[in-house]
J.: 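The structure under discussion is supplied below as C-alpha cells; questions concerning it will follow.
Reckoned from all heavy atoms, side chains included, excluding hydrogens, waters and symmetry mates. All values derive from a computational prediction rather than experimental measurement. Read the numbers this way: they start at 1 and go in the same order the structure lists the ligands and their atoms.
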Amino acid sequence: MKKMLFVANWKMYMSFGETIKFATRHFDDFVSLASGMIPPAEGENTIVLCPSSMALYPIIKMFNETKIKIGAQRCSPHIYGAFTGQDPARSVNEIGCSHCIIGHSEARREFRLSEEQVAQKFVHLLDYDVTPIVCIGETKEEFDSQKTLSALERQLSPIFEAIKTKTIVHDYITPYIAYEPIWSIGTGEVAGNQHLDMVFCWIAEKISKNFENRPAGGAVPQIKLLYGGSVTAKNSKTLKKIDKISGFLVGGASLDFQEFEKIVK
Ligand code: PGA
C-alpha cells in the first residue's frame, strides 16, 4: 500500500486563539489518526498540519512528542537582510517545521511572486532540511483554452532548473509538487479523473525526463505528487484512484476534524 501525505492547510481561516483552541480540542483525535490509522505493515501515512505563522510555535510544542508533523504556509525567497515581514527558510527549520507550502496560488496572487522566487524558496528549504510542498496550477481560462500543460511547464521549469544546479540534493528529503487547479480551490469544482490522470502522468514524465541524466554525485530527487482543490471525504474516494497521487492538500475540509478524518481514512 502506498504511503500517503495529508496536508491540512488551515490558511488564515482561524486566528491565533482559535487555532490553539481547535488543536487542543482535537489533540487526541489528531494523534490517534496519525498513529493508529493504518497498520504499519500496510505502509505509514503522514499528517501535516499547517497553521498560520503566528500559531506555528505553540502548535509545534503541542504536537512535539507525537507523529503529527507541522508545516509552515510560507517562507521568504531571501536568506537574510532588510526584508520586513518575511521569515527565512532557516527560521522555518529552527522553529521545528518539517514541511513548508510554497507557491500557493493565493500567495502567488497576493504577493505577486515570480516563478524564480518560488524556485529560490524551494532551494532554501532543501538547504535547511525542510520538505517543500510546491503548488502549481492553471487558471480557469487556461484550463478552458487547453493551456493547462503550458501553465504547469512555466511553473515547473525554474524548479527543475534550481534542482539541477544544486550540487547536493538530500536524498532523505522527498519534495512534493501539489497540482491544484486554481479554479478548484475553495470552489467545490473538481476536474474529472481523465484530466487529472493526464496531468499527473505528464508531471511524472517531466520529472523522470529532467532527472534521468543527472550527473553522478547528485542524488536524483525523489519527487512525489499531491492533489489539492476542493478535496472532500466524498470526492477523495475517486481522486485516490489516480495512480500517481501520493496524498492531498486539503484546505476548507481540514477545518472540520470529522471530514478530515474521513479523507485520511
Ligand atoms: P480547498 O483549498 O481544499 O479549500 O480548495 C486547497 C488549498 O488551497 O490548499
J.: So, do Phe30 and Phe257 have ring centers that fall under 6.0 Å from each other?
T.: yes
J.: So, applying side-chain contact (heavy atoms from CB on, under 4.5 Å) with Lys69, which one of Val48, Ile47, Val7 is it?
T.: Val48
J.: Number the atoms of ligand 1 from 1 as they appear, then name those within less than 4.0 Å of a heavy atom of His104, with their elements.
T.: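 Result: 7 (C), 8 (O), 9 (O).
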J.: Quick check on contacts: which atoms of ligand 1 are under 4.0 angstrom from a heavy atom of Ile185?
T.: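 Every atom of ligand 1 under 4.0 Å from some heavy atom of Ile185: 2 (O), 5 (O), 8 (O).
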J.: Under 4.0 Å from a heavy atom of Gly186: which atoms of ligand 1 are those, numbered in the order shown and with their elements?
T.: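 The atoms of ligand 1 under 4.0 Å from a heavy atom of Gly186 are 1 (P), 4 (O), 5 (O).
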J.: For the atom pair CD1 (Ile101) and OH (Tyr176), what is the distance rounded to the nearest 0.5 Å?
T.: 13.0 Å
J.: Go through ligand 1 atom by atom and flag the ones less than 4.0 Å from a non-hydrogen atom of Leu249.
T.: 9 (O)
J.: Numbering the atoms of ligand 1 from 1, which are under 4.0 Å from a heavy atom of Gly252?
T.: 1 (P), 3 (O), 4 (O)
J.: Does Lys234 NZ have over 12 foreign heavy atoms under 6.0 Å away?
T.: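 Counting other residues, nucleotides and ligands, NZ of Lys234 stays at 12 neighbours or fewer.
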J.: Among all the protein's non-hydrogen atoms, which is closest to atom 3 (O) of ligand 1, and how far away is it?
T.: Gly251 N, 2.9 Å
J.: Scan side-chain atoms only and decide if Tyr172 and Gln222 contain a donor-acceptor pair under the 3.5 Å cut-off.
T.: no
J.: State the atoms of ligand 1, each with its element, that fall below the 4.0 Å cut-off from a heavy-atom position in Glu180.
T.: 6 (C), 7 (C), 8 (O), 9 (O)
J.: Check whether any heavy atom of Ser230 sits under 4.0 Å from an atom of ligand 1.
T.: yes
J.: Is it true that Glu18 and Lys21 have a side-chain N and a carboxylate O under 4.0 angstrom from each other?
T.: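 Lys21 and Glu18: not salt-bridged.
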J.: Between Asp87 and Arg74, is the closest basic N to carboxylate O distance under 4.0 Å?
T.: yes
J.: Report yes or no: does a heavy atom of Gly229 sit under 4.0 Å from some atom of ligand 1?
T.: yes
J.: What protein heavy atom is closest to atom 2 (O) of ligand 1, reported as residue, atom name and distance in Å?
T.: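 Atom 2 (O) of ligand 1 sits closest to the protein heavy atom Lys11 NZ, 3.1 Å.
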